[in-house]
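First up is the structure itself, then whatever we jot down about it.
Only heavy atoms go into these numbers, but all of them, side chains included; no hydrogens, no water, no symmetry mates. All values reported here derive from a predicted model rather than from experimental measurement.
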Amino acid sequence: MEINNNYKNLETSYLFSTISKKVFEFINEHPEKDIIRLGIGDVTRPLCKTVVEALQKACVEMGTQEGFHGYGPEQGYSFLREKIQKYYQNRKVNLKTQEIFISDGAKSDLGNILDIFSKKNKVLIPDPVYPVYVDTNTMDGREIVFLEANKDNNFLPVPDKNLKADIAYICSPNNPTGAVYNKDQLTAWVNWALENNAVILFDAAYESFITDKDLPRSIYEIDGAKSCAIEFCSLSKTAGFTGTRLGYTIVPLDLNYNNTELNKMWLRRQTTKFNGVSYIIQKGAEAVFSEAGQEEIKENIDYYKKNASIIADTLKKHNIWFTGGINSPYIWLKCPSNMESWEFFNCLLYNIAVVGTPGCGFGKNGEGFFRLTSFNSYEATKEAMERLDNLLSNL
């Protein structure tokens with residue numbers, strides 16, 4: 001018997017586990033301090049009323065003989081897939097329901113999708129990056145090529161036409177940087193993929209935060225993308241489903257490699273390894289896409305965007321360079337006074353009891369940068385920025 005030795009190539013601790021450990025130690029040393037967390041990207045606003053009512057109704061249904069549901073379709077119930085189909089149609093993106101797969105979140109599918117690809121494939125990943133992209137491919141032993149994202153390109157790199165890879169990851173709005181690709185930049189990505197017979201894995205988990213109508217919310221707004229891209233989305237940040245768990249993955253029927261349809265491969269994988277998302281949760285998700293649900297979740301998104309503007313205004317006051325904070329819940333800032341990422345983390349934690357995320361945890365190009373999130377309460381965000389304002393005034 002042999003273990004998968006690729007796991008030995010992973011970092012010994014997940015980034016947010018390390019942060020939690022440091023915060024725990026600080027709390028033990030300073031129990032009197034009131035900590036404000038602007039680090040991990042978990043939401044704080046409750047589920048909207050329309051969703052809760054749908055969940056309650058579904059629970060009652062499950063307690064009746066005629067309303068009980070056992071195993072559901074692995075691809076998801078048609079009532080939800082049709083709602084998602086219409087959601088895309090409203091943005092002039094036409095999908096077939098069989099291209100839509102319901103899952104328990106984008107994070108799961110971003111890792112699971114690799115089942116349908118050879119471990120011999122070369123993978124292109126921007127740096128800095130959401131750790132899941134790197135770790136899941138490291139677990140499989142794939143060769144990873146990093147694409148340089150930095151201040152000079154506003155953390156929005158596009159591949160050189162001579163760069164060769166088989167799989168490429170894009171996240172827009174980006175986690176951790178909050179940067180958002182425009183149509184020309186995404187077109188460059190699609191053209192590169194088509195020319196290189198590569199597939200793009202497009203993470204759109206934060207698409208609902210884009211309010212600029214000129215910025216794409218889906219890769220399929222770009223001509224040719226259905227022939228080279230798989231899109232992943234989630235209701236975690238859109239509708240507060242971080243604890244409820246639901247996402248969806250789009251695998252177009254036009255995706256064909258080596259005379260094989262990826263849609264059929266993914267369907268086969270899901271029917272073998274996945275029993276689907278519960279009926280109750282899918283009914284709650286259906287309510288998200290109702291007219292009332294869309295209005296209510298917009299209120300929550302606007303709430304977080306207001307928090308982001310408070311953070312952005314504080315950074316502007318002190319002439320600190322940053323991206324994000326407009327069409328994204330994340331703010332990615334240059335550490336002041338040329339501090340390193342963990343140095344600034346400790347500075348915030350021990351001086352003003354504010355927790356953020358060190359940029360170096362997202363890759364080598366994240367060193368010297370820092371991520372703040374808008375997912376706390378308005379009151380806590382305002383208090384944190386008052387503390388930060390005082391700190392920056394005295395650095």
Would you mind writing out the side-chain donor-acceptor pairs for residues 22-33 within the sub-3.5 Å range, not counting sequence neighbours?
none

Sub-3.5 Å donor-acceptor pair from the side chain of [X] to the main-chain atoms of [Y], do we have one?
X: Ser374; Y: Pro329; result: yes
X: Tyr304; Y: Thr44; result: yes
X: Arg45; Y: Phe375; result: no
X: Glu195; Y: Lys161; result: no
X: Gln270; Y: Phe101; result: no
X: Glu221; Y: Ser218; result: yes
X: Asn263; Y: Val251; result: yes
X: Asp42; Y: Thr242; result: no
X: Asp140; Y: Asn137; result: no
X: Asn300; Y: Gly240; result: no

Where [X] and [Y] come nearest, the two heavy atoms and their spacing:
X: Val51; Y: Ala287; result: CA-CB, 4.0 Å
X: Val43; Y: Lys237; result: CG1-CD, 3.9 Å
X: Pro128; Y: Asn365; result: CD-CB, 3.8 Å
X: Leu194; Y: Gly224; result: CD2-O, 3.9 Å
X: Ala229; Y: Tyr220; result: O-OH, 2.8 Å

Partner set under ring pair (Phe, Tyr, Trp, His ring centres under 6.0 Å) for [X], not counting sequence neighbours:
X: Phe202; value: none
X: Tyr248; value: none
X: Phe16; value: Tyr14
X: Phe209; value: none

What residues, two or more places apart in sequence or in another chain, satisfy side-chain hydrogen bond (donor to acceptor under 3.5 Å, both in side chains) together with [X]?
X: Tyr88; answer: Glu231
X: Asn9; answer: none
X: Glu61; answer: Tyr279

Listed pairs under 3.5 Å, donor-acceptor, residues 341-350 side chains, sequence neighbours left out:
| unit_1 | atom_1 | unit_2 | atom_2 | d |
| --- | --- | --- | --- | --- |
| Ser341 | OG | Cys360 | N | 3.4 |
| Ser341 | OG | Gly366 | O | 3.2 |
| Ser341 | OG | Glu367 | OE2 | 3.3 |
| Ser341 | OG | Gly368 | N | 3.0 |
| Ser341 | OG | Phe369 | N | 3.4 |
| Ser341 | OG | Phe369 | O | 2.9 |
| Glu343 | OE1 | Glu340 | N | 3.2 |
| Asn346 | ND2 | Trp342 | O | 3.3 |

Could you go through Leu156 and Thr323, starting from their C-alpha distance and side-chain angles, then the distance that decides it, and tell me whether this counts as side-chain contact (heavy atoms from CB on, under 4.5 Å)?
CA-CA 10 Å; Leu156 291 169; Thr323 63; over 6 Å; no
Scan residues 119-133 for pairs that pass side-chain hydrogen bond (donor to acceptor under 3.5 Å, both in side chains), counting only residues two or more places apart or in two chains.
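Only Tyr133-Asp203 qualify under side-chain hydrogen bond (donor to acceptor under 3.5 Å, both in side chains).
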To the nearest 0.5 angstrom, please state how far the [atom1] atom of [X] sits from the [atom2] atom of [Y].
X: Glu99; Y: Leu253; atom1: CD; atom2: CG; result: 4.0 Å
X: Ile281; Y: Leu235; atom1: CD1; atom2: CG; result: 10.5 Å
X: Arg217; Y: Ser172; atom1: CZ; atom2: OG; result: 11.5 Å
X: Ser78; Y: Ile102; atom1: OG; atom2: CD1; result: 10.5 Å

Quick one, Ile219 and Val190 - any side-chain contact, counting heavy atoms below 4.5 Å?
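Counting from C-beta outward, Ile219 and Val190 do come under 4.5 Å.
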Do Gln98 and Gln75 come within less than 4.5 Å of each other through their side chains, counting heavy atoms only?
yes
With a 3.5 Å cut-off and sequence neighbours excluded, list the donor-acceptor pairs that the side chains of residues 379-395 form with protein atoms.
| unit_1 | atom_1 | unit_2 | atom_2 | d |
| --- | --- | --- | --- | --- |
| Thr381 | OG1 | Ser377 | O | 2.8 |
| Lys382 | NZ | Glu386 | OE2 | 2.9 |
| Glu383 | OE2 | Arg387 | NE | 3.0 |
| Arg387 | NH1 | Asp34 | O | 3.0 |
| Arg387 | NH1 | Ile352 | O | 2.8 |
| Arg387 | NH2 | Asp34 | O | 3.3 |
| Asp389 | OD1 | Lys317 | NZ | 3.3 |
| Asp389 | OD1 | His318 | NE2 | 2.6 |
| Asp389 | OD2 | Lys317 | NZ | 2.9 |
| Asn390 | ND2 | Glu386 | O | 3.3 |
| Ser393 | OG | Asp389 | O | 2.8 |
| Asn394 | ND2 | Asn390 | O | 2.7 |

What about Val145 and Val123, same hydrophobic cluster or not, with Ile/Leu/Val/Met/Phe/Trp/Tyr joined at side-chain heavy-atom distances under 4.5 Å?
no
Test: Lys86 cationic atom under 6.0 Å from Phe289 six-membered ring centre, within 45° of axis
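Verdict for Phe289: no cation-pi partner in Lys86.
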Please list, one pair per line, the donor and acceptor atoms closer than 3.5 Å that link side chains of residues 175-186 to other protein atoms, with sequence neighbours excluded.
| unit_1 | atom_1 | unit_2 | atom_2 | d |
| --- | --- | --- | --- | --- |
| Asn175 | OD1 | Arg371 | NH1 | 2.6 |
| Thr177 | OG1 | Asn174 | OD1 | 3.0 |
| Thr177 | OG1 | Ala179 | N | 3.3 |
| Tyr181 | OH | Pro157 | O | 2.5 |
| Tyr181 | OH | Trp189 | NE1 | 3.4 |
| Asn182 | OD1 | Asp184 | N | 3.1 |
| Asn182 | OD1 | Gln185 | N | 2.8 |
| Gln185 | OE1 | Asn182 | N | 2.9 |

side-chain contact (heavy atoms from CB on, under 4.5 Å), that's the test. Do Val199 and Tyr257 meet it? Break it down for me.
CA-CA 9 Å; Val199 63; Tyr257 293 82; 3.6 Å; yes
Basic-acidic side-chain contact under 4.0 Å: Arg268, Glu261:
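Glu261 and Arg268: not salt-bridged.
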Pair Asp302 + Lys298: basic N to acidic O under 4.0 Å
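Result for this pair is yes, salt bridge flagged.
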Steps toward side-chain contact (heavy atoms from CB on, under 4.5 Å) verdict (Lys57, Lys283):
CA-CA 9 Å; Lys57 183 179 178 181; Lys283 291 301 289 186; over 6 Å; no
Between Glu148 and Lys364, does a salt bridge (charged side-chain N to carboxylate O under 4.0 Å, His left out) hold up when you go through it step by step?
CA-CA 10 Å; Glu148 301 290 324; Lys364 67 178 181 63; 3.2 Å; yes
Between Asn327 and Tyr206, is a side-chain contact (heavy atoms from CB on, under 4.5 Å) present by the stated rule, with each step listed?
CA-CA 9 Å; Asn327 294 290; Tyr206 303 94; over 6 Å; no
